[in-house]
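Counting starts at 1 for both ligands and their atoms, following the listed order. Along the sequence shown, the residues carry numbers beginning at 1. Computed from a predicted structure; not experimentally measured. As a basis for the values below, the full set of heavy atoms in this structure was taken, side chains included, without hydrogen atoms, waters or symmetry mates.
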Amino acid sequence: MNERLYLSPPHMSGREQSYLAEVFDSNWIAPAGPHLEQFERRLADYVGVEHAVAISSGTAALHLALRHLNLQPGEEVLCSTLTFCASANPIVYEGARPVFVDSEPNTWNLDPNLLAEELAACAARGKLPRAVVAVDIYGQSADMDAICAIAARYEVPVIEDAAEALGASYQGRHVGTTAWASFFSFNGNKIITASGGGMLCSNDEALLAHARFLATQARDPAPHYQHSAVGYNYRLSNVLAAIGLGQLDVIDQRVAARRQIFDFYRQQLQDLPGVSFMPEDPRGRSNRWLTVLQIDSEVFGAAPEDVRLKLEADNIEARPVWKPLHLQPVFAPCRRRGGAIAEKIFRKGLCLPSGSAMTEADLHRVVSIIRSACASRGGRVTRTAA
Ligand SMILES: Cc1ncc(COP(=O)(O)O)c(C=O)c1O
């Protein structure tokens, strides 16, 4: 059996162990310490925000931002529908209700026009949502200027879910700099990883001071243990921050590698009938966290799921695109605005192995199977793989 090719495995830089050695030598094996502070400072400087707080996961970072807004039961929060469940789950933790908004075709992210329609409808009903969660899916920025301008008209804060998008840019700025708050994930499958972890970013010092307080069990300033609020154990460990530092050293190389992988797939597969790729909006530069194909089954002669199974038979992991949240059974009772674009992307989409350590031989392995999936079903192959 061929060696397994994973969708997006961790790729260590080789520097993590020296940061970890410093942690062990200094005995900072704790959810505090100099590496944690350094990780926050360096990430904030890299992204271009004033403050960052390292959190145990991206999900927890979003939870803390929403907690700060003091949502009341039954209040609504607008959220992209084409995303992972973690973009919406913390809304429910707070007793609020997600309302899902469809994607625009050019970024696959929250459609500013639908956002404007939804906010106007909410205003007419006299019940504005408390926040907007706008996701940068697969490493491409949403149209954040438009989203933030529309939300600002109604004084609704925007949280940018940049979990997948570290290293991407939009209008010449790093993602995560436009909205009131943003967060990144360092989960094992992300472009850089600390095995797990997240970072909440903002220029709002009050938000980040509150997040820091809540993330460490909401301990009041007293010599004894005193609590006037319910907190969480959400702080990132200094040990994991050291891994994060070793990864942050190479973020730009990781983006370059993922973009090269995308270019390779596109160059090798774009002639296949019925195949297209996730578009890149000219206002930004995606980190191409995952290369996402779109397959028109009728023209290609096989469905994305057939291709996925064919890859799996050769021990290659590929995955469907995120199933839109408005189609998830757990969110069935939630309101939504639109949904057809996200559904189409889901139906046609396939995420290909995109790990930054992939070799050219690995890439050829994936390409040849996809090409054979097309040819074997009678699709019109117009040239053979190089
Ligand atoms: C779009 C999106 N939002 C949120 C998250 C949550 O991040 P974490 O796994 O660090 O909790 C993830 C990834 O896992 C994600 O892909």
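Residue Gly197 approaches ligand 1 through these ligand atoms, each under 4.0 Å from one of its heavy atoms: 10 (O). When each atom of ligand 1 is checked for a heavy atom of Asn187 under 4.0 Å away, the hits are 9 (O). Those atoms of ligand 1 with a heavy atom of Ser185 less than 4.0 angstrom away are 7 (O), 8 (P), 9 (O), 10 (O). Atoms of ligand 1 lying under 4.0 Å from at least one heavy atom of Gly58, given by number and element, are 7 (O), 8 (P), 10 (O), 11 (O). Contact atoms of ligand 1 toward Ser87: 1 (C), 3 (N) (distance under 4.0 Å to a heavy atom of the residue). The Ala86 neighbourhood of ligand 1 comprises atoms 4 (C), 5 (C), 6 (C), with distances under 4.0 Å to a heavy atom of that residue. Counting atoms of ligand 1 from 1 in the listed order, those under 4.0 Å from a heavy atom of Ala163 are 2 (C), 3 (N), 4 (C), 5 (C), 12 (C), 15 (C).
Sequence neighbours left out, the pairs with a member in residues 238-273 that pass ring-ring contact (aromatic ring centres under 6.0 Å, His included) are Phe262-Phe277, Phe264-His364. Sorted by first then second residue, the side-chain hydrogen bond (donor to acceptor under 3.5 Å, both in side chains) pairs that include residues 327-339, not counting sequence neighbours, are Glu76-Arg335, Glu117-Arg337, Glu118-Arg335, Glu118-Arg337.
With respect to Arg212 and Glu40, a salt bridge is recorded, a charged nitrogen being found less than 4.0 Å from a carboxylate O. A salt bridge is defined here as a Lys NZ or Arg NE, NH1 or NH2 lying under 4.0 Å from an Asp or Glu carboxylate O, and Arg42 with Asp45 fails to meet this definition. Looking at Glu317 and Arg319, a side-chain N of the basic residue comes within less than 4.0 Å of a carboxylate O on the acidic one, giving a salt bridge. Salt bridge present: Arg173 and Asp145 bring a charged side-chain N and a carboxylate O closer than 4.0 Å.
Of the candidates Ile55, Val135, Thr83, Asp161, the one placing a heavy atom closest to atom 4 (C) of ligand 1 is Asp161.
The nearest pair of heavy atoms linking Ala61 to Leu200 is O-CD1, 3.8 Å.
Both the backbone and the side chain of Thr59 come within 4.0 Å of ligand 1, judged by heavy-atom distances.
Protein heavy atom closest to atom 14 (O) of ligand 1, with residue, atom name and distance, is Lys190 NZ, 3.0 Å. Annotation: atom 16 (O) of ligand 1 to nearest protein heavy atom, Glu164 OE2, 2.6 Å.
Contact analysis leaves Gly196 out of contact with ligand 1, as no non-hydrogen atom separation drops below 4.0 angstrom. In this structure, Gly198 has no heavy atom closer than 4.0 Å to ligand 1.
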Worksheet item: So His326 and Phe331, ring-ring contact (aromatic ring centres under 6.0 Å, His included) or not? Walk me through it.
Response: CA-CA 6 Å; His326 70 269; Phe331 295 124; over 10 Å; no
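Side-chain atoms of Arg371 come within 3.5 Å of backbone N or O of Gln268 as a donor-acceptor pair.
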